[in-house]
Asks: 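This is the structure, below, for whatever I ask next.
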2 protein chains.
Amino acid sequence: MPEDLNTGVLLYLPYRAMETRVFEELAAAGFDFTPSQARVFQRIAPDGSRLSDLARQAGITKQSTAFLVDQLERLGYVDRVPDPDDGRARLVRITERGHRSVEASRAVVARVEAEWEAHLGARRMAQLRRILTDLREITDPWR
Amino acid sequence: MPEDLNTGVLLYLPYRAMETRVFEELAAAGFDFTPSQARVFQRIAPDGSRLSDLARQAGITKQSTAFLVDQLERLGYVDRVPDPDDGRARLVRITERGHRSVEASRAVVARVEAEWEAHLGARRMAQLRRILTDLREITDPWR
DNA sequence: CAAACAGGTCAGAGTGTCTGACCATCTCGT
DNA sequence: ACGAGATGGTCAGACACTCTGACCTGTTTG
């Protein structure tokens with residue numbers, strides 16, 4: 001049973017562990033996100049993003065994106081301002097509270113990566129990251 | 001931008017690529033599954049499983065499991081028979097058609113793994129799998 | 001053998017997603 | 001310089017998956 005796991009599952013297990021830790025520790029710090037909200041929130045550019053760009057990047061419809069951005073706005077993570085360059089558009093921007101949640105999640109990721117490195121050793125951790133980065137060339141749909 | 005991706009994302013990209021390929025090629029071969037259906041279907045034991053066991057393993061409620069098993073049954077991938085050992089229970093079993101879909105998905109996984117190995121080289125592919133297997137010790141919630 | 005437990009179903013609600021239709025604004029070719 | 005088409009966004013309605021709570025039927029156990 002142990003060794004014949006397919007490589008997809010082998011990748012999924014640590015990915016999922018990372019994700020779970022981030023959501024748990026974020027929630028413990030008072031930052032509640034659903035996975036769907038996070039998927040959109042993650043993609044907001046530093047100086048704000050348009051709804052349609054977020055939709056495209058997240059791979060969901062504009063309508064679903066609007067639904068989720070409404071929630072993020074209600075939760076205080078983002079606000080919306082008119083786009084100065086385009087009268088049709090509004091920019092979704094990360095608020096102060098939003099930035100604090102980003103920082104918190106960055107910290108959790110760093111903590112988990114440190115745990116992994118402690119388990120694997122620095123050398124194999126670096127190898128893992130190099131191999132995955134290489135694999136990205138043929139598996140990353142956004143190049 | 002390229003190298004500072006966190007390890008979670010780095011794991012997710014190839015995992016997601018694998019998953020997408022499996023669903024696409026399965027669909028092309030006439031086997032349609034939603035991700036939710038697949039999550040339950042995957043966990044059916046060779047000699048059949050109880051609904052409650054599937055629910056526990058998939059981490060969803062019995063009701064949701066029943067909902068998905070109904071669909072799998074309608075699609076012809078599983079059937080249900082009374083459990084000879086427990087009058088309350090029924091066993092969910094994989095049908096002939098279900099087995100064919102399992103075989104098809106196994107083939108897609110093998111194909112994708114071969115592509116990855118061609119890109120990375122056999123040596124690094126093996127390294128990747130070894131490191132991930134090792135990482136499983138601290139990230140696999142089902143031990 | 002009664003009480004507690006386990007397997008399963010029914011009913012109702014919430015969330016995230018989609019498609020289709022629509023309006024407002026911008027861009028570009030003539 | 002203007003009209004056609006593209007783009008940004010919203011509204012309305014539907015569907016898929018999930019949950020909680022209540023319940024029934026059988027099994028196990030003190």
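Keep in mind that this is a model prediction, so the values were computed, not measured. Lettering of chains follows the sequences in order, A, B, ..., and the numbering in each one begins at 1.
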Asks: Please report the closest heavy-atom contact between Gly76(B) and Thr95(B), naming both atoms and the distance.
Replies: O-OG1, 2.6 Å
Asks: Counting only side-chain N and O atoms of Thr61(B), is one of them less than 4.0 Å from OP1 or OP2 of dC19(D)?
Replies: yes
Asks: Does any N or O in the side chain of Arg129(A) come within less than 3.5 Å of the main-chain N or O of Leu5(B), such that one atom is a donor and the other an acceptor?
Replies: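 Answer holds: yes.
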Asks: Between Phe33(A) and Tyr77(A), how do the two ring planes meet: parallel, tilted or perpendicular, split at 30° and 60°?
Replies: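 Plane angle under 30°, so parallel.
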Asks: Once you round it to whole Å, what is the distance between C1' of dG14(C) and CD1 of Ile60(B)?
Replies: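 Going from Ile60(B) (CD1) to dG14(C) (C1'), I get 17 Å.
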Asks: For the side chain of Arg43(B) and the backbone of Gln57(B), is there at least one donor-acceptor N/O pair under 3.5 Å apart?
Replies: yes
Asks: Decide side chain to side chain contact (heavy atoms under 4.5 Å, CB included) for Leu132(B) and Leu128(A); before the verdict, give the C-alpha distance in whole Å, the side-chain angles of both, and the deciding distance to 0.1 Å.
Replies: CA-CA 8 Å; Leu132(B) 290 173; Leu128(A) 173 63; 4.0 Å; yes
Asks: Going 5' to 3' through nucleotides 6-12 of chain D, assign each nucleotide B (protein heavy atom under 4.0 Å from a base atom), S (under 4.0 Å only from sugar-phosphate atoms) or - (no protein heavy atom that close).
Replies: BBBBBBB
Asks: Please give me every residue in residues 15-42 of chain A whose heavy atoms get under 4.0 Å of an atom in DNA chain D, ordered by residue number.
Replies: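 When residues 15-42 of chain A is checked for heavy atoms under 4.0 Å from DNA chain D, there are no hits whatsoever.
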Asks: Indicate yes or no: at least one non-hydrogen side-chain atom of Val69(A) is less than 4.5 angstrom from one of Arg80(A).
Replies: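 They are in side-chain contact.
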Asks: Once you round it to whole Å, what is the distance between C1' of dT9(C) and CD of Glu73(B)?
Replies: 14 Å
Asks: Taking five pairs at each end of the helix from dC1(C)-dG30(D) to dT30(C)-dA1(D), what angle separates the two helix axes (nearest 10°)?
Replies: 30°
Asks: Send over the distance from Leu72(B) CG to dC17(D) P, rounded to a whole Å.
Replies: 10 Å
Asks: Name all pairs fulfilling the side-chain hydrogen bond (donor to acceptor under 3.5 Å, both in side chains) condition that reach into residues 110-120 of chain A, sequence neighbours left out, sorted by first residue then second.
Replies: Arg21(A)-Glu115(A), Glu25(A)-Arg111(A), Glu113(A)-Thr7(B), His119(A)-Asp134(B)
Asks: Does the side chain of Ser64(A) get closer than 4.0 angstrom to OP1 or OP2 of dG16(C) through an N or O atom?
Replies: no
Asks: Can you sort out the partners of Tyr15(A) under ring pair (Phe, Tyr, Trp, His ring centres under 6.0 Å), two or more places apart, ordered by chain and number?
Replies: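 By the ring pair (Phe, Tyr, Trp, His ring centres under 6.0 Å) rule, Tyr15(A) matches Tyr12(B).
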Asks: Can any side-chain N or O of Arg97(B) pair as donor or acceptor with the backbone N or O of Leu75(B) at less than 3.5 Å?
Replies: yes
Asks: Taking CZ from Phe67(A) and P from dG13(D), how many angstroms apart are they, rounded to a whole number?
Replies: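 Taking CZ of Phe67(A) and P of dG13(D), I get 16 Å after rounding.
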Asks: Please collect all side-chain hydrogen bond (donor to acceptor under 3.5 Å, both in side chains) contacts where either partner lies in residues 26-38 of chain B, sequence neighbours excluded, each pair once.
Replies: Gln37(B)-Gln71(B)
Asks: Are any side-chain N or O atoms of Thr65(A) and backbone N or O atoms of Leu51(A), one a donor and one an acceptor, separated by less than 3.5 Å?
Replies: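 Checked: no pair found.
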Asks: When the distance from CG of Leu54(B) to C1' of dG8(C) is rounded to whole Å, what number comes out?
Replies: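 Result: 13 Å.
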